Amino acid sequence: MASKNLQNIILLYKIILICGLCLVYSKAELPRFEHPIKPDGSLSILVVGDWGRRGAYNQTEVAAQMAKIGGQMDPDFIISTGDNFYEDGLTGIQDPAFEESFSNIYLGPSLQKQWYSVLGNHDYRGDVLAQLDPILRQKDSKWLCLRSFILNTDVAEFFFIDTTPFVDKYFFRPEDDKYDWRGVLPREEYLSNQLKDLDTALKESSSNWKIVVGHHTLKSAGDHGITVELEERLLPVLQENNVDLYVNGHDHCLEHISSPDSPLQFLTSGGGSKAWRGNVQPWSPEELKLYYDGQGFMTMKLTKYDVYVQFYDIFGDILHQWSRSKGFYST
């Protein structure tokens, strides 16, 4: 265990040195990074997931629209909600899929910002450590992927979590798929530590906006639906700590579901490439604000008191928008 912890510390410091990012120590165990906001006090973000197909299934077209909208909004960074490389992750740090699915696709000037990425279940089917290796940042400086970490800004705090190890079927019913569980076993210890660290970090947070990012759906009317393991173990942590947004991919769609018993919003941005599955599960229309079974992406703009979300399709048309304000009027 001590050897594994030492290896993780060495890996983290390599990433810090290569990235030039600011690491801030905290009581929580999760690595913490800082990202500046704009001089006007706002933060703009592009969110895309389930994309890495060497440009196929309209990945290139989605990237083009991201670059176009990004040119208008000037994103501070980009969030990837996982399944970064299909079908089976990367074979290693020299896998040409990294360039063919990432560096050679997201070429627009507005996309040359820091990408903060989580792992999806397809990423775990390959060499999972490859995506975490700082050598990839030498290949493309905008790439940053860790299992779980915290990103702090002056207007919001983002908590990136590794959801794949929560799902039982990947361990007990993998069928023909093989998963790379290095760094995860023993599983229950890994999951317990992650939940404990997340809970601690959320309780320590004084940010006006708390946003949790994972790959798997918590609530979804799409093909994958509700992830029961996350509903049982993760959702109570989010609700107890007044999390505002849970942002995910996994279902290849764009989706917004509101929570019936809390301010928590569930936002799916998994339309980065292959979509159009045609499966929509029944859902309360009072909660299901958007379900779009197609390609696209999401944007977020935040200030200290406001959050504004928009969903775009492959043509750059706005499908849905949502906003919330808090804090200013009460003070």
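Scope of the values below: all heavy atoms of this structure, side chains included, with no hydrogens, waters or symmetry mates. Residue indices begin at 1 and follow the sequence shown. If you're wondering where the values come from, they're calculated on a predicted model, not measured in any experiment.
In this structure, a donor-acceptor pair under 3.5 Å is absent between the side chains of Glu204 and Thr200. Between Asn248 and Thr81, the side chains place no donor N or O within less than 3.5 Å of an acceptor N or O (distance only, hydrogens not considered). Tyr116 and Gln114 form no side-chain donor-acceptor contact under 3.5 Å, judged by distance and modelled atom types alone. Counted by atom type alone, Tyr106 and Gln59 present one or more donor-acceptor pairs between their side chains at under 3.5 Å. A donor-acceptor contact under 3.5 angstrom links the side chains of Thr217 and Thr227, judged on distance only. Inspection of the Asp251 and Thr268 side chains reveals no N or O donor paired with an N or O acceptor under 3.5 Å.
Neither Leu191 nor Val228 shares a network with the other; the hydrophobic side chains, linked directly or stepwise wherever heavy atoms of I, L, V, M, F, W or Y lie under 4.5 Å apart, form separate groups for each.
Salt bridge status for Lys219 with Glu231: present, with a side-chain N to carboxylate O gap under 4.0 Å. Comment: Asp154 does not engage Lys304 in a salt bridge, judged by the lack of any side-chain N to carboxylate O separation of less than 4.0 angstrom. Looking at Arg32 and Glu157, a side-chain N of the basic residue comes within less than 4.0 Å of a carboxylate O on the acidic one, giving a salt bridge. Under 4.0 Å is where a charged nitrogen must lie from a carboxylate oxygen, and between Asp76 and Lys113 no such pair does. Comment: Arg182 engages Asp180 in a salt bridge, judged by a side-chain N to carboxylate O separation of less than 4.0 angstrom.
Using a 30° and 60° split on the angle between ring planes, Phe311 and His320 fall in the tilted class, from 30° to 60°. Ring planes of Phe85 and Phe98: tilted class, angle from 30 to 60°.
For the residue pair Ile79 and Val213, the shortest heavy atom distance occurs at CG2-CG1, 3.9 Å. Taking every heavy atom of both residues into account, Asn121 and Thr164 meet most closely at N-OG1, 3.3 Å.
Remark: aromatic rings of Trp283 and Tyr291 are distant, center separation not under 6.0 Å. Taking the six-membered ring for Trp and the full ring otherwise, Tyr170 and Trp181 have centroids separated by 6.0 Å or more. Less than 6.0 angstrom separates the ring centroid of Phe77 from the ring centroid of Phe158. Taking the six-membered ring for Trp, Tyr292 and Trp276 have ring centres closer than 6.0 Å. For Tyr124 and Tyr179, the ring centers are positioned 6.0 Å apart or more. Centroid-to-centroid, the aromatic rings of Tyr86 and Trp51 stay 6.0 Å apart or farther.
Checked by atom type and distance alone, the side chain of Glu255 pairs as donor or acceptor with a backbone atom of Ala221 at under 3.5 Å. Side chain of Ser148 to backbone of Asp162: a donor-acceptor contact under 3.5 angstrom is found. Between the side chain of Gln321 and the backbone N or O of Leu319 there is no donor-acceptor pair closer than 3.5 Å. Side chain of Thr60 to main chain of Gly55: a donor-acceptor pair is present (N/O by atom type, distance under 3.5 Å, no hydrogens or angles).
Results of the salt bridge (charged side-chain N to carboxylate O under 4.0 Å, His left out) test with Arg125 over Asp177, Asp83, Asp176 single out Asp177 as the only residue that passes.
For Gln131, the side chain to side chain donor-acceptor pair (under 3.5 Å) partners at least two apart in sequence or on another chain are Asn84, Asp123.
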